[in-house]
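So the structure is just underneath, and the comments pick up after that.
What you see below is based on every heavy atom in this structure, not just the backbone, and it leaves out hydrogens, waters and symmetry mates. Quick caveat, the model's predicted, so the values are computed rather than measured. In the text below, chain A, chain B and the rest are named by the order of the sequence lines, each starting its count at 1.
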Number of protein chains: 2
Amino acid sequence: MRIVVTERAETSADSDPSLAAEAETRRAADSSERAYNTIRKLLVEFKLKPGERINEVQLSRSLGVSRTPIREALNRLASEGFVSLTPNRGFFVRSLSTEGLLDLYEFRSIIECAAFKLMCERADDSEIDRLRSYWEAIVDAYPDQPPDVILAEDEGFHLLIAELSGNPELVGQLSSINARIRFIRRIQIEHPSHDKAQITSHSAIVDAAVRRDAENGMKLLREHIEMTVSATQQALKDALLKVFAPGNGADLKRRRRARDA
Amino acid sequence: MRIVVTERAETSADSDPSLAAEAETRRAADSSERAYNTIRKLLVEFKLKPGERINEVQLSRSLGVSRTPIREALNRLASEGFVSLTPNRGFFVRSLSTEGLLDLYEFRSIIECAAFKLMCERADDSEIDRLRSYWEAIVDAYPDQPPDVILAEDEGFHLLIAELSGNPELVGQLSSINARIRFIRRIQIEHPSHDKAQITSHSAIVDAAVRRDAENGMKLLREHIEMTVSATQQALKDALLKVFAPGNGADLKRRRRARDA
DNA sequence: CGTCAAGAAAGTGTCGACACTATTGCGTTC
DNA sequence: GAACGCAATAGTGTCGACACTTTCTTGACG
């Protein structure tokens with residue numbers, strides 16, 4: 001590994017300049033929170049690679065904090081499924097295998113369909129109209145946005161459905177799922193295979209919502225999600241090839257240990 | 001609050017009765033894990049009451065460890081929804097209001113129905129037979145078991161369905177839900193309103209599984225869960241009345257001096 | 001040459017201490 | 001007597017240190 005996040009950037013090829021360490025003599029007070037966000041970002045961006053062991057000391061040096069907030073962040077990330085913890089051996093980046101990915105998308109499909117159905121049953125007209133106007137407000141510019149914006153708007157769309165279901169548990173679950181697959185979705189959006197079929201999907205879903213047609217809406221959602229799975233799989237393979245690519249393979253030592261994650 | 005955790009009388013679930021007195025000056029090495037289990041148990045058993053602020057120092061003294069493993073455990077519990085964290089003010093026991101309970105049961109219903117459907121589609125005959133034999137092996141003695149056993153067997157039944165769905169995410173989610181509502185379910189089982197209708201429900205669900213009748217099975221599951229919700233609500237109210245001093249009404253107004261030892 | 005064991009190095013798990021923040025209790029002013 | 005500071009206290013957030021465990025290195029032995 002070798003993360004460089006501090007001010008003394010050596011191989012600052014593509015590191016994010018966002019976290020300036022403003023290192024005064026002042027203590028932070030929210031180091032854990034920042035560590036959580038930073039580490040999650042590292043995971044999302046493949047800076048920490050699947051299956052890799054996470055070195056707390058290195059991380060703490062990189063982030064300029066002690067190991068305590070690092071460990072708190074890692075514990076949270078472990079609960080959320082980003083990393084796994086092996087006693088006395090430390091945290092490992094959870095490898096998201098292809099089948100694990102399918103499971104996650106399947107789970108997402110379940111949540112979203114249920115949310116849509118509940119929304120149709122419970123949301124009043126003004127709430128449904130919020131969904132419609134949310135989508136109408138962004139649909140025109142949608143295809144021309146940068147990937148990050150597309151991703152955020154898409155997540156917002158689906159999250160709004162979850163909110164309108166009236167069940168906060170669904171909102172929380174969908175948020176968690178989104179976080180876990182965000183890096184893959186981003187890869188997929190940037191991948192050449194990404195087409196604009198999402199737009200018609202979303203529009204059709206809005207129509208179904210307005211008509212309170214739960215059955216049809218769920219079908220659309222299922223297809224909408226399944227459609228992206230195959231494309232995503234290919235994009236993921238390409239991305240993994242790029243990450244684990246040639247020369248830098250020095251990190252990959254032969255470690256024959258059965259470590260499921 | 002007043003927690004009294006006797007030295008090593010913890011979750012007697014399957015703890016090894018190993019050396020206790022021998023290792024006096026020995027350090028633990030898995031304090032976090034034990035703290036996690038112990039605190040979760042305190043939450044489940046209402047020793048820590050909904051809305052109450054959690055005092056880390058007190059807890060650490062009670063458990064005989066430093067605050068570090070306590071905080072790691074609390075962080076995990078926060079990710080899992082047992083407690084909430086307010087910056088600079090600490091951890092609070094998450095109050096499970098009645099509506100929060102309904103949301104949780106609704107979520108559970110969604111997960112279970114989806115799992116049943118997937119099981120019908122994917123599990124082979126021998127796996128379905130595992131479900132049948134699991135239930136047949138316990139059905140006769142079921143009504144006469146103590147509450148803890150009933151609870152464990154019931155959870156095992158539903159968890160097995162989740163496993164047979166082939167999606168590990170569903171298993172994890174259901175486990176998490178189970179943990180969060182376990183204390184309520186236990187209260188409900190001990191409550192006089194608890195009847196034995198569960199048995200016919202489970203048997204009918206097994207039948208539907210054998211016939212691979214996903215539609216009917218999901219309907220049964222939904223009813224099975226909904227049936228317990230109303231009974232649980234009443235049981236919960238009684239339990240809360242018993243836990244909180246009579247006639248308080250307010251959820252989290254409880255303030256206690258830290259003077260008690 | 002390869003195997004293996006003992007020691008060295010690296011890394012995790014836990015602790016006590018301290019800085020900073022929120023809360024409580026007390027005295028002052030109007 | 002009530003509102004408002006203002007000191008004292010209690011409690012959280014973070015740190016550096018150290019004990020214990022795992023992993024790597026080295027060197028003796030077959």
Side-chain angles (χ1 to χ4, degrees), chain A residues 1-3 21-39 48 52-78 83-93 250-251 253-259, chain B residues 1 3 19 22-39 48 52-78 83-93 252-261:
Chain A
M1 193 189 57
R2 179 142 193 105
I3 310 165
E22 69 178 86
E24 299 309 315
T25 54
R26 197 63 168 275
R27 236 202 273 179
D30 64 336
S31 302
S32 284
E33 184 68 18
R34 291 209 326 265
Y36 172 82
N37 289 322
T38 308
I39 296 173
L48 290 166
E52 190 177 82
R53 181 176 184 169
I54 296 178
N55 188 322
E56 298 172 11
V57 179
Q58 246 179 61
L59 252 187
S60 70
R61 258 193 293 247
S62 299
L63 304 198
V65 297
S66 86
R67 278 174 54 224
T68 305
I70 299 286
R71 283 183 65 83
E72 295 203 350
L74 287 173
N75 269 289
R76 286 178 57 186
L77 291 166
V83 302
S84 64
L85 171 58
T86 309
N88 283 321
R89 287 186 20 91
F91 293 88
F92 292 79
V93 180
D251 292 347
K253 297 184 178 171
R254 335 272 176 254
R255 208 171 262 153
R256 301 300 275 182
R257 275 298 193 117
R259 295 261 159 257
Chain B
M1 181 181 60
I3 311 164
L19 53 132
E22 188 245 315
E24 194 70 25
T25 56
R26 198 68 171 269
R27 238 202 274 179
D30 64 338
S31 302
S32 284
E33 185 68 17
R34 289 208 327 267
Y36 172 83
N37 289 320
T38 308
I39 297 173
L48 291 167
E52 190 176 82
R53 181 175 182 171
I54 295 178
N55 189 321
E56 298 172 12
V57 179
Q58 245 179 59
L59 251 187
S60 70
R61 255 190 294 234
S62 299
L63 303 198
V65 297
S66 85
R67 279 174 53 225
T68 307
I70 299 286
R71 282 183 64 84
E72 294 202 351
L74 287 173
N75 269 288
R76 286 177 57 185
L77 290 165
V83 302
S84 63
L85 171 58
T86 310
N88 282 323
R89 285 183 24 89
F91 293 89
F92 291 79
V93 181
L252 37 94
K253 268 302 185 64
R254 201 115 288 228
R255 279 250 182 83
R256 247 345 215 286
R257 285 291 180 75
R259 283 278 169 258
D260 63 344

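Atoms CG and CG, on B:Asn75 and A:Leu74 in that order, are 10.5 Å from each other to the nearest 0.5 Å.
Considering every non-hydrogen atom in both B:Ile70 and B:Ser66, the closest pair reads CG1-O, 3.4 Å. Counting all heavy atoms, side chain and backbone alike, A:Pro69 lies closest to A:Ala35 at O-CB, 4.1 Å.
Between A:Phe92 and A:Thr86, the closest side-chain pair of non-hydrogen atoms falls below 4.5 Å. Side-chain contact check for B:Leu77 versus B:Tyr36: some heavy-atom pair is nearer than 4.5 Å.
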Each nucleotide N or O in nucleotides 9-11 of chain C that has a protein N or O under 3.5 Å away: list the pair and distance.
{"unit_1": "C:dG11", "atom_1": "OP1", "unit_2": "A:Asn55", "atom_2": "ND2", "d": "2.8"}

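For the contact set between residues 66-74 of chain B and DNA chain C, defined by any heavy atom under 4.0 Å, the members are B:Ser66, B:Arg67, B:Thr68, B:Pro69.
Between B:Leu59 atom CG and C:dC15 atom P the separation is 14 Å, expressed in whole Å. One can place CG of A:Asn75 at 14 Å from P of D:dT14, the figure rounded to the nearest angstrom. Atom-to-atom, CG of A:Leu63 to P of D:dT14 comes out at 12 Å; the value is rounded to the nearest Å. The separation between B:Asn88 atom CG and D:dG13 atom P is 6 Å, rounded to whole Å. We find that CZ of B:Phe92 is positioned 12 Å from P of C:dA22, with the value rounded to whole Å. Separating the CZ atom of A:Arg76 from the C1' atom of D:dG13 is a distance of 14 Å, rounded to the nearest angstrom. One interatomic measurement links the two molecules: CG of B:Asp30 to C1' of C:dT12, which rounds to 13 Å at whole-angstrom precision.
Considering only residues two or more places apart in sequence or on other chains, B:Arg71 meets the side-chain hydrogen bond (donor to acceptor under 3.5 Å, both in side chains) condition with A:Glu72, B:Glu56.
Base-pairing analysis of DNA chain D finds the following stems of at least three consecutive Watson-Crick or G-U pairs, with both pairing distances under 3.5 Å: C:1-30 with D:1-30.
The phosphate of D:dG13 has neither OP1 nor OP2 within less than 4.0 Å of any side-chain N or O from A:Ser32.
Just one of A:Leu48, A:Ile39, A:Ile54 meets the side-chain contact (heavy atoms from CB on, under 4.5 Å) condition when paired with A:Val83; it is A:Ile54.
In this structure, the side chain of B:Asp30 does not engage the main chain of B:Glu33 through any donor-acceptor pair within 3.5 Å.
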